[in-house]
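Working notes, beginning with the structure itself.
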Amino acid sequence: MKINRRRFLLGTTVVGGGLLLGYASTRPSKHRIANESAGSEPFLTTWLRISEDNTVTVIVPHSEMGQGVHTSLPMMAADELDADWNLVKVEQAPATDLFANGVLVKGFAESLGVSFPRFLDGLATSATMKVAEIMNMQITGGSSSVRFTGELGMRAAGAAAREMLVKAAAARLDVPETELSTRLNYVHHDASGRSLSYGELASDAARFEPSSEPKLKDEKDFTLMGKSIARVDIPAKVDGTAAYGIDAEAPGMLYAAVKTAPVFGSKLQSVNADAALSRRGVVKVVELENAVAVVADNYWRAKQALAALDVQFEASENDQVNSQSIYAQYDTALEGELNEDIAEGDAANALENAETVVEATYRVPYLAHAAMEPMNCTVHFHDGKCDVWTGTQDNLGIRGRVATVAEMDENDVTLHGFYLGGGFGRRLPTDVNTIDQATLIAKHFDVPVKTLWSREDDMQQDYYRPAVTSKFRAGFDANNQLVAWQNHYIGKNEPAEAAHTPYSIANKDIAYADSETHIPFGAWRSVAHSQHTFFLESFVDELAHRSGQNPYQFRLNMLGDKPRHAAVLRAAAQKAGWGRNLAPGHAQGIALQESFGSIVAQVAEVSINNDGSVKVHRVSCAIDCGRTINPDAAASQVESGVIFGLTAALYGEITIENGRVQQTNFTDYEMIRLHDSPEIDIVSVDSGEALGGLGEPATPPIGAAVANAVYILTGQRVRELPLKNYRFTAAPVETAV
Amino acid sequence: MARFRVNGVERELDIEPDMPLLWALRDELGLKGTKFGCGIAACGACTVQVNGNPVRSCVTPVSAIEGTDIKTIEGLAVDVGGSKQLTAVQQAWIDHQVPQCGYCQSGMLMAVSALLEANPNPNDAEIDGAITNVCRCGTYPRIRRAIKSLSTTA
Ligand code: FES
Ligand code: FES
């Protein structure tokens, strides 16, 4: 075995033949080789395995939640390897330290210019988790898998393995390496017509040192990257065999239904369990600090018995909090001392001397994730060990969390990963209330216990996308030029640049106030961009209209130093036919944002229904994510992102009353369905720049694009979402051309 | 005692008559392909076919389906000489790369299969009226495309 300690590249022979190659970039001391046996073939957890039967196995350290990462990452390794895609198999990495997501952490750190990702701050500050654990994760989030694991890890592993196979072939055939070429799992010596399969060469190849600087392909030589490849996870998702955490099965398993204190932070006061315990199938009632659980032999029985319990929770100081009091608290905070975000030029002075000043206050409510698969986790304590079955965006992080809560050594905890029935940020290790409950409940048993939340639990015990208020003042000079931009908002979250507008404006004052509430918050698809893009791109639109300029041209004029943004904006406008004659009663709105390294512009075509609600007919979306690895899978991510953002814009609203969440289920937290899903046209503007994310960047702009169209149809500026709370009347506005 | 057929197999369960079919399928019969999403007939994740009609199993007590034929996602593909052959609807789901997280898709497939069985050429309004299932991943554009591809060739 050889370990290159500088580059953390590792190549070795598999017992029984074959080559294993891993590539990582965290400190080598964090890594040890996990010697797990998979059947008769001892198996080292790493990224690439070439077996003697000429198959290639790519081991993916990220969870599949529908974003196609179990396909796109193997494509990147296989392309560099010149592998035959038909001979490539995909496995998800087990939750062991070797897969600690150093590459991701490093990628984040570099892009943010900080030592570790701020969006994980929750972990660092939570009392039960140590900062050190941050470096010990398998995160699937931040639209990062392909960008970081793929670009820094998979491609290098594939390229290094290819070089080793060529070396092995050169030795075997006694020819110079330069006379050899690789295609579809074979090394060819064209001059002599001889060829050897990767399988035949794998064991020999393992004897060579993996290059610390493997040569990556030029884009023109890609054979897989850039092609639409069918996703490997899809067949199991059409015949009912795909297994999610909720489907975990273990012999003797019991089911827990839980009632948690409705006011966050409140505690359990008393339980009268008599009525529940006498019911069929009920095994035990378990009291937790802020919840009570009924454990039975069937989930429905547990849930029925839970409803029969007499439960009291303690009164809490938060019982009086409601959405209005939170907004009032925000307003007060914005009057107080602010923290600087961006200060360029002299905005105060520019506003003072401006010819025209435009002011507006925007806000958006809390939002729930509402992943389709309700939260769940199955835990089994036995023989001093613990098995955990759950779908998570971070297998290692959750393993660590269970160990912490159970006060066990992490190495005694085994995490069995599953497909995720939606992630969207809800299944990150910052959002662990279900995991904690499941662990504490299972501690009372020596059989596996599946804790399953109802939809109501999920909606009322989430880590919400925070409600935010954002105040703007902007000034135009005598020449109708935008010269001052002031934006004061609540709460700076990840990504740090979410409130930064791309437009060149000479004087900027962007600042924020912190204003804590008792409502738990977490990462929600596109994180802080989901609020700020609505604010920024709506207010910019207001400014265009106020200064008598076409909203598209107004933006374009301020993008002189941002050619990529300008190109994306133009591409969206062109795709939508911006300014063309539309059907009567229709209008278009436009919005632009860069997030997670990708730039997205959207044009929404909108009309007002007879009942005054909003109908979105078509969304034209241009995206520059640098380069697209799997175009069809990328398109589905963009479609998904648009619909996710549009659901929030039209319907999304979590309100607080008496300290608790009022919404309960899909009846009062509505979702877009087939009938109100718009047509979506996508244009890729591949600039060839560094890879950007795909899972999130299509979500932020859509709210503003739709609201900007609503303004043209009605003359009413929407400064608060969701749109379901309005009854509009058509009153078209003249727009500049 | 509840009696019904599931995917052609006779089943007899000693369960409460008011237990919803969803939990009988999942927790008593171990058929996990049918999913729980909301429990109140608001999302369609739990859709199965009862005598060919789409039904939300989370609100259907087993007493209401006594003696019926239940088809779940596991019973959609047809057995051809010992191997499972996907239905045209399932194949269209692959061809159009419909599923993302996939969690809603069992219910979607059961609802769409029932629709196309009853109406092989649905127009947009008929599709919208029949398929009211929630897909949080927003696979709707592909669902519509896949349905259309089936109805034009039907
Ligand atoms: S789970 Fe039955 S309709 Fe949602
Ligand atoms: S594919 Fe995820 S909910 Fe539909």
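FYI, side chains are in, hydrogens and waters are out, and symmetry mates aren't considered; it's all heavy atoms of this structure. Note on naming: letters A, B, ... go to the chains in the order of the sequence lines (proteins, then strands), and numbering restarts at 1 for each one. On a predicted model such as this, the values are computed, not experimentally measured, just so you know.
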Pairing of A/E670 and B/R136 as salt bridge, 4.0 angstrom limit: no
Contact check, side chains of A/D676 and B/Y140, non-hydrogen atoms, under 4.5 Å: no
Closest non-hydrogen atom pair between B/C137 and A/F424, with its separation: SG-CZ, 4.0 Å
Most contacts with chain A, counted as non-hydrogen pairs under 4.5 angstrom, among B/G138, B/G33, B/G44, B/P99: B/P99
Contact check, side chains of A/Y419 and B/C101, non-hydrogen atoms, under 4.5 Å: no
Any donor-acceptor pair under 3.5 Å from B/S106 side chain to A/G240 backbone: no
Heavy-atom side-chain contact between B/W93 and A/D239 under 4.5 Å: no
Presence of salt bridge, B/E28 and A/R301, under 4.0 angstrom: yes
Euclidean distance, A/M372 CE relative to B/Q100 CD, rounded to 0.5 Å: 13.5 Å
Point-to-point distance, once rounded to the nearest 0.5 Å, from CD of B/Q97 to OG of A/S228: 8.5 Å
Parallel, tilted or perpendicular: rings of A/Y299 and B/W23 (30°, 60°): tilted
Ion pair check, A/D247 and B/R26, cut-off under 4.0 Å: yes
Donor-acceptor contact below 3.5 Å, side chain B/Q90 vs main chain A/V238: yes
Distance (rounded to the nearest 0.5 Å) between A/R280 CZ and B/I15 CD1: 8.0 Å
Donor-acceptor pair, side chain of A/N298 and main chain of B/D27, under 3.5 angstrom: no
Ion pair check, B/R142 and A/D632, cut-off under 4.0 Å: yes
